Amino acid sequence: MRIGELSRLTGVSTRSIRYYEEQGLIVPERQLSGYRAYDESAVRQVHQIKVLLSAGLNTSVIAEILPCIADPDNVLAPPCPELLDGLAAERAKLSESIDRLEAARRIMDTLIVDSDKPFSARL
DNA sequence: ATTCTTACA
DNA sequence: TGTAAGTA
């Protein structure tokens with residue numbers, strides 16, 4: 001199949017699919033026409049990439065995770081044990097992001113809740 | 001009609 | 001990531 005069909009089947013834009021390729025996440029063949037040619041397995045791959053991306057992992061991390069996923073049918077299956085440390089580190093980064101966002105929200109809360117007071121009194 | 005590459009208000 | 005341009 002070509003990129004258009006893969007896009008329909010996965011719900012991922014052709015733009016993103018080409019980006020995945022640029023990041024070395026998926027490697028399609030090429031027809032003499034120059035068009036990218038994907039086999040049915042590409043649907044799964046794109047779905048996996050989508051899940052990994054939603055887990056907050058960047059493409060470089062995903063690139064090393066993909067070839068190490070235990071169960072290709074279940075993206076949530078544990079990958080190679082060698083990568084566990086790295087994944088734990090990524091998880092830690094997520095926690096840091098969450099902390100920063102929560103702090104930002106607390107500030108916004110005070111800005112909203114005390115909106116009846118003058119700015120000078122809210123700082 | 002589709003895809004390809006490249007570039008950017 | 002979307003989208004426009006100019007092709008094949």
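The shown structure was predicted, so the numbers you read here are calculated from the model rather than taken from an experiment. Computation of the quantities below employed the complete heavy-atom set of this structure, encompassing side-chain atoms and omitting hydrogens, waters and symmetry-equivalent molecules. Protein chains get the first letters and strands the later ones, always in sequence-line order, with residue 1 at the start of each.
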(message) Please find the pair of heavy atoms, one from A/Ile49 and one from A/Ile62, that lie closest to each other, and give the distance.
(response) O-CD1, 4.2 Å
(request) List the atom of A/Pro79, the atom of A/Ile65, and the distance in Å for their closest heavy-atom pair. (result) CB-CG2, 4.5 Å
(request) Would you name the heavy atoms of A/Leu83 and A/Cys68 that are closest together and state the gap between them? (result) CD1-CB, 3.7 Å
(request) Would you kindly confirm whether A/Val51 and A/Tyr19 end up in one hydrophobic cluster when ILVMFWY residues are joined by side chain heavy atoms under 4.5 Å apart? (result) yes
(message) Testing the basics here: between A/Leu25 and A/Leu66, what is the closest heavy-atom pair and its distance to 0.1 Å?
(response) O-CD1, 3.4 Å
(message) Taking any atom closer than 4.0 angstrom to a non-hydrogen atom of chain A, what span of DNA chain B does the protein reach, first nucleotide to last?
(response) B/dT2 to B/dT5
(request) Evaluate the side chain to side chain contact (heavy atoms under 4.5 Å, CB included) criterion for residues A/Tyr38 and A/Val46: first the C-alpha distance (whole Å), next the side-chain angles of each, then the deciding distance (0.1 Å), finally the verdict. (result) CA-CA 11 Å; A/Tyr38 301 89; A/Val46 173; over 6 Å; no
(message) Suppose the criterion is side chain to side chain donor-acceptor pair (under 3.5 Å): which pairs have a residue in residues 50-59 of chain A, not counting sequence neighbours?
(response) A/Gln23-A/Thr59, A/Asn58-A/Ser60
(message) Stem list for DNA chain B, please, built from Watson-Crick and G-U wobble pairs under 3.5 Å and keeping only runs of at least 3.
(response) B:4-8 with C:2-6
Could you pull out every donor-acceptor pair under 3.5 Å between side chains of residues 97-108 of chain A and any protein atom, sequence neighbours left out?
residue: A/Ser97; atom: OG; partner: A/Lys93; partner atom: O; Å: 3.3
residue: A/Ser97; atom: OG; partner: A/Arg100; partner atom: NH2; Å: 3.3

(request) For the residue pair A/Leu52 and A/Ile69, establish whether any side-chain heavy-atom pair is separated by less than 4.5 Å. (result) yes
(request) Would you list the pairs meeting side chain to side chain donor-acceptor pair (under 3.5 Å) in which at least one residue belongs to residues 63-81 of chain A, sequence neighbours left out? (result) A/Arg44-A/Asp73
(message) For DNA chain C, which residues of residues 42-54 of chain A approach it to below 4.0 angstrom with any heavy atom?
(response) none
(request) Would you grab the first and last nucleotide of DNA chain C (5' to 3') that comes under 4.0 Å of any non-hydrogen atom in chain A? (result) C/dT1 to C/dA8
(message) Ignoring hydrogens, what is the shortest heavy-atom contact between A/Ala70 and A/Ala77? Give both atom names and the distance.
(response) CB-CB, 4.3 Å
(request) Name all residues meeting the side-chain contact (heavy atoms from CB on, under 4.5 Å) criterion together with A/Ala37; count only those two or more places apart in sequence or in a different chain, and write none if there are none. (result) A/Glu29, A/Gln31
(request) Tell me, please, which residues at least two apart from A/Val43 pass side-chain contact (heavy atoms from CB on, under 4.5 Å). (result) A/Met1, A/Leu6, A/Leu9, A/Thr10, A/His47
(message) Give the residues of residues 23-41 of chain A touching DNA chain B, defined as any heavy atom closer than 4.0 Å, sorted by residue number.
(response) A/Arg30, A/Gly34, A/Tyr35, A/Arg36
(request) Name every residue in residues 6-18 of chain A that has at least one heavy atom under 4.0 Å from any atom of DNA chain C, in order of residue number, or write none if there are no such residues. (result) A/Ser13, A/Arg15, A/Ser16
(message) Assess the residue pair A/Glu90 and A/Leu94 against the criterion (side chain to side chain contact (heavy atoms under 4.5 Å, CB included)); give the C-alpha distance rounded to whole Å, side-chain angles, the decisive distance to 0.1 Å, and a yes or no.
(response) CA-CA 6 Å; A/Glu90 291 304 319; A/Leu94 275 182; over 6 Å; no
(message) Just verifying a value: how many Å separate A/Leu76 CG and A/Gln48 CD, rounded to the nearest 0.5 Å?
(response) 10.0 Å
(message) Enumerate the salt bridge (charged side-chain N to carboxylate O under 4.0 Å, His left out) contacts for residues 34-43 of chain A, please, sequence neighbours excluded, ordered by first and then second residue.
(response) A/Glu21-A/Arg36
